[in-house]
Amino acid sequence: MRLRADIERRIGTLDLRVALDLGPDETVALVGPNGAGKTTLLRVLAGLLGVDRGKVQLGDTVLDAGPGAAFVPPQERRVGYVFQDHLLFPGMSVLDNVAFGPRSRRATRRDARSSAQTWLERVGLGDLAAARPAALSGGQAQRIALARALAAEPRMLLLDEPLAAVDATARTTLRRELRELLAAFDGVRVLVVHSIDDALALADRLLVLEDGRIVQSGTLPELVARPASRYVADLVGINGFLGHCTAGVVDVAGAKLVVAHAEDGPVHVTFHPRAVSVFRERPSGSPRNVWSAPIVSVEPALERVRLQVGGPLPIVAEITPRAAAELRLAEGGDVWIAVKATEIAVSTA
Amino acid sequence: MRLRADIERRIGTLDLRVALDLGPDETVALVGPNGAGKTTLLRVLAGLLGVDRGKVQLGDTVLDAGPGAAFVPPQERRVGYVFQDHLLFPGMSVLDNVAFGPRSRRATRRDARSSAQTWLERVGLGDLAAARPAALSGGQAQRIALARALAAEPRMLLLDEPLAAVDATARTTLRRELRELLAAFDGVRVLVVHSIDDALALADRLLVLEDGRIVQSGTLPELVARPASRYVADLVGINGFLGHCTAGVVDVAGAKLVVAHAEDGPVHVTFHPRAVSVFRERPSGSPRNVWSAPIVSVEPALERVRLQVGGPLPIVAEITPRAAAELRLAEGGDVWIAVKATEIAVSTA
Amino acid sequence: PRGSADGRVLVFAAASLGEAFTEIAARFEAEHPDLAVDLHLAGTSRLAFQIGEGAPADVFASADAENMDRVVGCSAVVDGPHVFAQNELAIVVRRGNPRHVDGLADFARSDLRLAICGPEVPAGRYAREALGRAGVEARPVSDEPHVKAVVAKVSLGEVDAGLVYRTDVAAAGDGVEGIDLPDAQQVVAVYPIAALGAGDARPAAARAFVAFVLGAEGRAVLTERGFLLP
Amino acid sequence: MTERSQPLPRGVRALAGIAAVLLLLPLIGLWSRAPWSELTAQATQPEVLDALWLSLGCSAAATVCTFVLGLPLAIWMDGPPSGLRTAVRVLVTLPMVLPPVVGGVALLFAFGRNGLVGAPLADWFGVSLPFTEAGVVLAEAYIALPFFVLAAEGGLRAMDRRYVDAAATLGASPWRTLVSVTLPMIAPSLRAGLLLAWARALGEFGATITFAGNLAGRTRTMPLEVYAALETSPEAASVLSVLLVLFSGGVLFTLRHHWFPVR
Amino acid sequence: MTERSQPLPRGVRALAGIAAVLLLLPLIGLWSRAPWSELTAQATQPEVLDALWLSLGCSAAATVCTFVLGLPLAIWMDGPPSGLRTAVRVLVTLPMVLPPVVGGVALLFAFGRNGLVGAPLADWFGVSLPFTEAGVVLAEAYIALPFFVLAAEGGLRAMDRRYVDAAATLGASPWRTLVSVTLPMIAPSLRAGLLLAWARALGEFGATITFAGNLAGRTRTMPLEVYAALETSPEAASVLSVLLVLFSGGVLFTLRHHWFPVR
Ligand SMILES: Nc1ncnc2c1ncn2[C@@H]1O[C@H](COP(=O)(O)OP(=O)(O)OP(=O)(O)O)[C@@H](O)[C@H]1O
Ligand SMILES: Nc1ncnc2c1ncn2[C@@H]1O[C@H](COP(=O)(O)OP(=O)(O)OP(=O)(O)O)[C@@H](O)[C@H]1O
Ligand SMILES: [Mg+2]
Ligand SMILES: [Mg+2]
């Protein structure tokens, strides 16, 4: 069943206005800056918050049509919701927490417990069945919360950062397990993630929410090709800007970038951090875009160093640790930046 | 001041036994599987849990010498603790939360508030000063918790997953800010992270805790060279095994790997996922290690695909999306794996 | 359950009659094996109020005439009222009379703590009357709600003297002793009793109880407890 | 959770000590004045035993009523603020400020044979509550109800509502959420409220004697027995009081794992 | 937080209604019987006004004492379980089961002229509590204390301790943690406890009249006035009761934002 929603909802300083159309055959990753309204959106979908105006519809059923109109309460929506802060019931054992959903759906105690045990084992914590939530570590609690949501046999899955506190090993297995689950799951699936890796591994499509609005929606390549915002560019780890192209030169907030393909008008320009060359002295040679910029930060990453520079066009460069050492980047100061025009992708905005 | 600790502590099913020696000039990343005891260790260092046996000493001051002996209570230890679940005081505004530390250290209300405001701005949430914690998003709460811990001017920093819920943009800035802070901070700094990127960006040294024991300690290259456990190998994203070498052949739980450098005895073998070749048909040619294995999962990542195979030697291979498509990996079944002996690093265990 | 069906008599008696009526009830039951007495003891005005609110009382034994009049005014009376006992006032002091109280004249002393009942209960009115006759202007530290509270305060030593009924002194045991008032100052309290139609008992049973109280055995018990007979 | 538990702030221990002494001293006073020789004699007297059992039964029944009626009221009061809710909150508090005897009078006005509801009740159904065991229970429940309601509502207000949301997403009906999630989470407050209500019902005197009378074996509860003894002498009353205290202390001690569970 | 608030489980509203009616009916009874013509006359009588003021002052003072002594006791009781703590918990509950008059007698045994502490107090310092305003406050505080302590302790037990840990790591002394973190978090229970204690003190009759006596203008609080009126006529008493109820209702209504803050 498709979920069609047209949501207007104010809460505190947030003004959420979102139109959604989610199919049962896709997993959507909801991404966005802190406070963008991701959790709020999930709460509206789950029925924990009503819409001020608009409509939420699953298949033919209207779930919420605004104050005073039709409203299906959360317990009848069959959502599987993993809360950002877990919310495991403190008075119950882990097993009873997971069995809570089946029990609410009128399973016998026996059946509920045995299915709960199965789910515990799926998230790799079968031996914690008797533990109390207070005795769990953060990551364990998160995995139990996931098991609890799934054990309720939901028709719609809403996962709020389901892997945030999970360790590396468990993450690998859990991601795999989750991907299988999500693939086998016939219904709407939305998950909030902050890591592009998780989004990629688990979702078919990304939905970018900023300040209560959807600013972009698409697959990773689409986002990489034309990140709609600074946030998206940061998320996918590339340099991306919105600018205005005039005769092969893109003006980005005053800074000029020479590009290869010229289509006049507003454009997205993107280039990969690896396409950025860094020098201590002004380089001579082919690159058409050369400028000097102050070093903002030098961050070692796996097998590479990420260098962030400031100035009018703040960008990230990725170089090898050896190059970083030779350039004595750690010492700060200014460096020279070169980007070949051919490395810059341009598309109309 | 150095922190020297020799800790024995049981809680629930956890038996924590750890010896630490942390200098004031290094940032240590504490990593480990869920439930390993990372949070528990921080709680002991903060004085929220006492040791059963052993000693915790900061400089010349004994902080904890076991039950009935010397004990410095948490409020006198001047620790800055970011809790895994934030624990912002629900009844106070965000500003008062952050001002709580300075006020406890007898700053005037004015001073406390102005320093709190400064810290709020540093974590990029200056405009949330008047908000109540209940109105914060998960990531905002985490950043406020960080500001609150730092505003108390601690001598020892204990950060439990300080960036777990932070969004991509904020993460970049916050990481930079945090790295500067940590570098400028003269005292012991321990942070729990689950992402190797965070560990690399922020810490000088990694400390791997598993099941209450430290199983490895060192820099990233050291960990990559000889991951002490499956968890470490997963964390750094390589294939790593403990095995026994006899005449150039390493026996890993029954599976044999031919290696280039032969030193008999127990060894670590590691090889990068990129060093693994994948075929649909049995390859002929130079690789000395060739075997067939079932596909466990295929995970798209940025510009590459991570392929996990099972069998006696479960490993990860990294190939290009194009190769993955040509091999029709998504369809499952068995593939042929080849690893050149020269790509396998061996070191005595 | 309506209380006093099938041979039960519900007797509402003033608290000060408690011990006497408990014994009378026992003797009555011994004499009438087919009848049982339920005794409800409380302050007279409380009893009158309860009867006014429909309490199913068969017999009402009051500690003053006023409350009896109230009950008679609003309730069907099948027998009575008859005055069955009288009481006199007495000064109550601690055993051994440590503060040397000899008569009402001492109530003017400023070094004594005194307690009498409040003017809203009969004992308080009588006490004020007696003090008036003696020409003493007393300043009690407390207007007690009933005589037993006065006795209790004396017995605990919280007050040095009080003005109560003689029967209360007799019932209070060893902790206190009484000082009689001269006749000129004495005030006599009357105790009327009536059988009511409000209850569910057979009127005959109620009448039988009233008659028993008025009869020889009742009188014997009452005198034994220090009451005077009319 | 911290086994190195936070030390108590300075002064707290001293004040707590004063409070404990304030509570303890009068009990010691009773104890020291009670003629002990009489204790066993009294404790075996049939009337006293009757009164004890009656007290136990009626206070237990009143506590049950209080829970059954008070919990729904507390839950309703905990809803979104409205004028009606404020009014009901004030209303719930008012019976507490009435001296219990007046409470009894008010009960008679309401449920007496000539009362607002009592009259039709008697006329139509032949039910009369005053001077019956049911009357004792009603009087005790009326007096105890506000205590339970306010304690329970305090617990509800301090509770983290998001657990209710979590239960709803798991498909739990409001009823199941209440029983499985809300009540366990506010258990300490409920326990405190039940304890208050039970103790208040057990010690209730004024409303009981006024509404239900003081009939030996039927409505004469232990406090009424004590009061009657007070007519004789404070010492006699203190024996019975000590008995009542010992008895309820025994009940509390027996149930200590329920009233005061180890966290 | 959910504005689409969870519906009440079925039956809850009905039971809550019954509870409200049970609490309301007796008040209506009082109201309906009160001769209204007398209300203004009574309300302006100097004794009645004296009694009202005295009640207000003494109950407020008793509530303050209750808070100052009861909160430390509740905090101490909330510590790690021990035999002593169980004993103190039982001890705190016991005064509640004593009929208040007996509580008054017990207070006399303890603080009276010949009491355990009262005698030395009178001999050495010339202080005598019975029959004084201080005595009224003591009696009311003694009766009200257990209610506050149990309600506050219920709140403490339901609280999430980890916030205390968080405060400690931020350098807060135990005292500061208590004031800035713990008390605000258990505010609903404290409020409920204070309300219970205040209402109980305001309506307290038995212990007051027994321990502090009944002297107009000095120790005659409103409940004592009502009780005295009850001897003359229940109607007069109901006028005064209605006055007391209106008065305390007025106080509650004025302070409603403090007692019943909007969440
Ligand atoms: N109960 C509330 N009261 C007031 N404001 C609220 C409330 N809940 C949410 N908000 C507002 O909505 C904003 C967005 O909150 P939300 O939890 O949806 O963000 P989010 O996208 O999930 O962020 P994060 O990634 O940090 O979890 C908050 O910053 C706050 O201003
Ligand atoms: N209060 C407690 N009671 C009982 N057991 C506890 C308690 N606290 C911790 N434990 C035990 O200690 C183990 C480790 O907990 P800890 O929180 O230290 O893990 P962690 O390494 O921080 O894990 P994570 O990465 O998931 O946060 C838990 O699995 C539990 O068994
Ligand atoms: Mg969120
Ligand atoms: Mg942890």
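Residue numbers start from 1 in every chain, and the chains themselves are labelled A, B, ... in the order their sequence lines are given, proteins ahead of strands.
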Check: Between Ser238(E) and Phe109(D), is a side chain to side chain contact (heavy atoms under 4.5 Å, CB included) present by the stated rule, with each step listed?
Finding: CA-CA 10 Å; Ser238(E) 51; Phe109(D) 285 158; 4.1 Å; yes

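Ranked by heavy-atom pairs under 4.5 Å with chain E, the list Ile186(D), Leu196(D), Val117(D), Val92(D) is led by Leu196(D). Interface summary for chain E: among Leu107(D), Leu145(D), Val149(D), Val88(D), the most heavy-atom pairs under 4.5 angstrom belong to Leu145(D). Note: Val68(D) leads Leu71(D), Leu240(D), Val68(D) in heavy-atom pairs under 4.5 Å with chain E.
Listed by chain and number, the residues in a ring pair (Phe, Tyr, Trp, His ring centres under 6.0 Å) with Trp76(D) amount to none (sequence neighbours excluded). Not a single side chain to side chain donor-acceptor pair (under 3.5 Å) links Thr210(E) to another residue, sequence neighbours left out.
Atom CG of Leu150(E) sits about 11.0 Å away from atom OG of Ser189(D), to the nearest 0.5 Å. Note that OG1 of Thr93(E) and CZ of Arg200(D) are 14.0 Å apart. Values are rounded to the nearest 0.5 Å. Note that the CG atom of Leu94(D) and the OG atom of Ser241(E) stand 12.0 Å from one another [nearest 0.5 Å].
Only the side chain of Phe111(E) comes within less than 4.5 Å of a heavy atom in chain D; its backbone stays farther off. Proximity to chain D (any heavy atom under 4.5 Å) is shown, for Ile28(E), by both the backbone and the side chain.
The minimum heavy-atom distance linking Pro188(E) with Arg157(D) is given by the pair CB-CB, 3.8 Å.
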